[in-house]
Each structure stands twice: as structure tokens, then as C-alpha cells.
Asks: 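Below is one structure. I have some questions about it.
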Protein chains: 2
Amino acid sequence: MATIGFHQHDHSHCIATALSQAESKCAERKLQFTPARRRVLEILLEKHRAMGAYEILDILAAEGIGSQPPVVYRALDFLVQHGFVHRIERLNAYTACAHPTRDHVPAFLVCRQCKAVAEAETELTQGRLGIAAGKTGFHIERIVVEAEGLCPDCAGAQA
Amino acid sequence: MATIGFHQHDHSHCIATALSQAESKCAERKLQFTPARRRVLEILLEKHRAMGAYEILDILAAEGIGSQPPVVYRALDFLVQHGFVHRIERLNAYTACAHPTRDHVPAFLVCRQCKAVAEAETELTQGRLGIAAGKTGFHIERIVVEAEGLCPDCAGAQA
DNA sequence: GCCAAGATGTAATAACATATCAATGCGAGG
DNA sequence: CCTCGCATTGATATGTTATTACATCTTGGC
Ligand SMILES: [Zn+2]
Ligand SMILES: [Zn+2]
Ligand SMILES: [Zn+2]
Ligand SMILES: [Zn+2]
């Protein structure tokens, strides 16, 4: 059992599922799902939380996969590029996508205390931001939405 | 003349205005608007774009105000804390608030090419993100919204 | 097999941020 | 006036995150 999106669940098999989905997707698109890329995604799925690049690198180093920063940054770039992983700007950290099969605009709830992260989705309509962009002629390609606050656990522990 | 919010305008006097507004606000709240803090805000107002901490520090160093990182980070912390400056997570950079008199939830349009930044406002209603948060018991305290794309200038230059 | 594109190995460095502790200034209460 | 407490500053060191640069190797199309 592990904490995901702030509730408990058994995800022993969803790692395998996500990995094989990623594998298929790469095959379709003629992308190379190399060992380092695969292992980084697997690590993020296993831990099921946001991890810093160097935290991942430590694991790779221990396993003899690579010990230099570019090893992990290249893998992360690939995974982020193709939507298997999201970067949490607020934390300078990375987390496996919670619904990699759907095309989506990710949004995150980030606990400022324990750093737990839950992935939600925002509406595609860009509201006042889209309107502001339109007025000025700005062309939006991507939107970062990250809410910061207290997760249920930490809020409860405040007592 | 300078680029602000992606259109031209003369803001020779708005620096002075913003500074004196900040001064009043600090006086009201019994905050110390010290020389370093004042100068950092002034620099951000002058340049009128997002600046990295070390870029600001270089200026402070040249002026003999201070050359060590804590000098600029302390000033930035203060200015961000009190709403005179916003941090752009996507860029690890800082920019003077475009409407410091109003209480607001800032949102940004960030050009991926030239790094120009425009500040907009988002609705306070948190839409589906708020709903998702409510369901899981997450308590939102702050929301980061940063749109990435191309500003009119860069889009034009694409040719 | 040959070539070009993509991926990896490796070293060095850049960019961003914080920890720690001593020293200083300054107002409120005695 | 004194001094206690608190915010600020000074100074040094260190921690953390990310990129550049260049050599080498692999892969897949031809
Ligand atoms: Zn996702
Ligand atoms: Zn928490
Ligand atoms: Zn603002
Ligand atoms: Zn631009």
C-alpha cells in the first residue's frame, strides 16, 4: 500500500501496467524506450511521489546505470517530453503522470509541508488568462498550474 | 519606452510611483523598507522583466550594496512576502508586481524564447482544481499559474 | 556495410539557494 | 539612561539543481 493522491491504494501491478503502456506508446511512435529511460520511469512509479533529479540519480548510480547528472536529466527530458512524467516547477522535482493514457493539461496539489503531490486536471478553457493572452497576442503553448497548501494528513497533524 | 505586458509604454514615472507606494505600505505595516530592499525593488521596476537573483546581485555588487547571495535573497524574500515582487517558478526568477495596490492572484504569460513576462490575473474560483482539492481534503493556500508560449514579438519574428 | 541520427559516457562548470553564526542597530519597558 | 529582545546585516561556507561540451557508441534506413 502506498499514498497516492492522498488516499491509500495497492498499486503493486499498476507499475507494470504503466510501464507496458509506455513501452507500447514508444513502439508506436518509434521512440527508443532505453534501459535508463525505462528505469527512471519505473523508479518514479515505484516511489509514487515527486522526486528530485539527484535523488533519482543516486539510485541509478547505486545500480551502476550512471552517476553523472546528464544521465538522469536526459532520461527525464525524454519522459517529460512524451508525457510519461511531469515536472513540478514549485519543487524542482518530477513525478510519474497519473493518467498517461489520456491527453490532458495537468494540475497539481502540492503539500507545502510533506511535499506530497496529487495530480488533478484543469479545464482546457483558459478563462481570464486565455482572454488576457488573446488581447495581447500572446500564444499559449503550455500552462503550469500548481496549488500549494496542506494535504489532509498534514492539516490533521496540525492539531 | 519599454516593453511591458507586451505593449510599449513610457514608464519613467511609474517606478517612482511604485516605490513610494511600497514605502507607504511598509510604513503602514511597520515594515523596514531598507536600502537593499528598496534598491532591489527599484532594479526590478527599472528592468521591467523577470530577473534571476544573481543578475540582480551583480548590480548590487557593482554598486557596493552587497556581493553575497544572502543579500539579494533576503531582499527578495521580503519583497515577495509582502507582495511587491512575484517569483516566476518556471524561470527561477523574479519580477516586480504589475498592480501592487490590488490584492490579487497573479498569473503569468512567459515567453519561452525571450523570457518576457506579463502579469495577468486569474479568477479566484478554483474550478475543477478546487473541486478536486475539496474532494480529497486538500487545503489550497496559494496557486501558481504560469502560461508558457510565444510573445507577439517572438511569434512575429518566426517568419 | 555505410551513413546519419540518436543515445550515452564523462568531466567540468554554471546557476540557484540555504545554513550558520557573529555583529550591529533600534525601539519598548524598566 | 540602561538593557533586553528582535529584526537586520555581514561574512563564510556549503548545498542543490541544471547545463555545456565533446568524445564515443548504437541503431536503423539505405
Ligand atoms: Zn499527467
Ligand atoms: Zn502533507
Ligand atoms: Zn502582482
Ligand atoms: Zn518573446
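We name chains A, B, ... by the order of the sequence lines, and we start the count at 1 in each one.
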Asks: Output the rounded distance in Å from NZ (K30(A)) to P (dA7(C)).
Replies: 14 Å
Asks: Quick check: any donor-acceptor pair below 3.5 Å linking the side-chain of Y73(B) to the base of dA19(C)?
Replies: no
Asks: Check whether any side-chain N or O of R74(A) sits under 4.0 Å from OP1 or OP2 of dG6(C), and answer yes or no.
Replies: no
Asks: Between dT8(C) and T34(A), is there an OP1 or OP2 to side-chain N/O distance shorter than 4.0 Å?
Replies: yes
Asks: For a quick check of understanding: with a heavy-atom distance under 4.0 Å over all strands, which category does F33(A) fall into, base, sugar-phosphate or nothing?
Replies: nothing
Asks: Between dA17(C), dC21(C), dA7(C), which nucleotide has the shortest distance from any of its atoms to the side chain of R87(B)?
Replies: dA17(C)
Asks: Of all nucleotides in DNA chain D that come within under 4.0 Å of a heavy atom of chain B, which is furthest toward the 5' end and which toward the 3' end?
Replies: dA7(D) to dT12(D)
Asks: May I have the distance from Q32(B) (atom CD) to dG25(C) (atom P), rounded to whole angstrom?
Replies: 13 Å
Asks: What heavy-atom pair brings A96(B) and L41(B) nearest, and what distance separates the two atoms?
Replies: CB-CD1, 4.3 Å
Asks: I'd like to know if E23(A) and K25(A) make a salt bridge, using a cut-off of under 4.0 Å between side-chain N and carboxylate O.
Replies: no
Asks: Do the charged groups of E146(A) and R90(A) touch, with an N to O distance under 4.0 Å?
Replies: no
Asks: Could you tell me whether E148(A) and R142(B) make a salt bridge, using a distance below 4.0 angstrom between a side-chain N and a carboxylate O?
Replies: yes
Asks: If you assign each of E55(A) and P70(A) to its closest nucleotide in DNA chain D, which residue comes earlier from the 5' end?
Replies: E55(A)
Asks: Check the distance between dG6(C)'s P and L31(A)'s CG and give it to me in whole angstrom.
Replies: 11 Å
Asks: What is the distance, to the nearest angstrom, from the CZ atom on R37(A) to the P atom on dG9(C)?
Replies: 12 Å
Asks: Please report the distance, rounded to the nearest Å, between CG in N92(A) and P in dA15(C).
Replies: 16 Å
Asks: List the steps and the verdict of salt bridge (charged side-chain N to carboxylate O under 4.0 Å, His left out) for R87(A) and E89(B).
Replies: CA-CA 12 Å; R87(A) 176 181 162 86; E89(B) 300 292 342; over 6 Å; no
Asks: Rounded to the Å, how far apart are F78(A) CZ and dG6(C) C1'?
Replies: 11 Å
Asks: Write down the distance between CG (L57(A)) and C1' (dG9(C)), rounded to a whole number of angstrom.
Replies: 13 Å
Asks: Between K115(B) (NZ) and dA15(C) (C1'), how many Å, whole number?
Replies: 14 Å
Asks: If you measure from the Lys or Arg side-chain nitrogens to the Asp or Glu carboxylate oxygens, is any gap between E46(A) and R39(A) under 4.0 Å?
Replies: yes
Asks: Within 45° of the ring axis of F33(B) and under 6.0 Å from its six-membered ring centre, is that where the NZ or CZ of R38(B) lies?
Replies: no
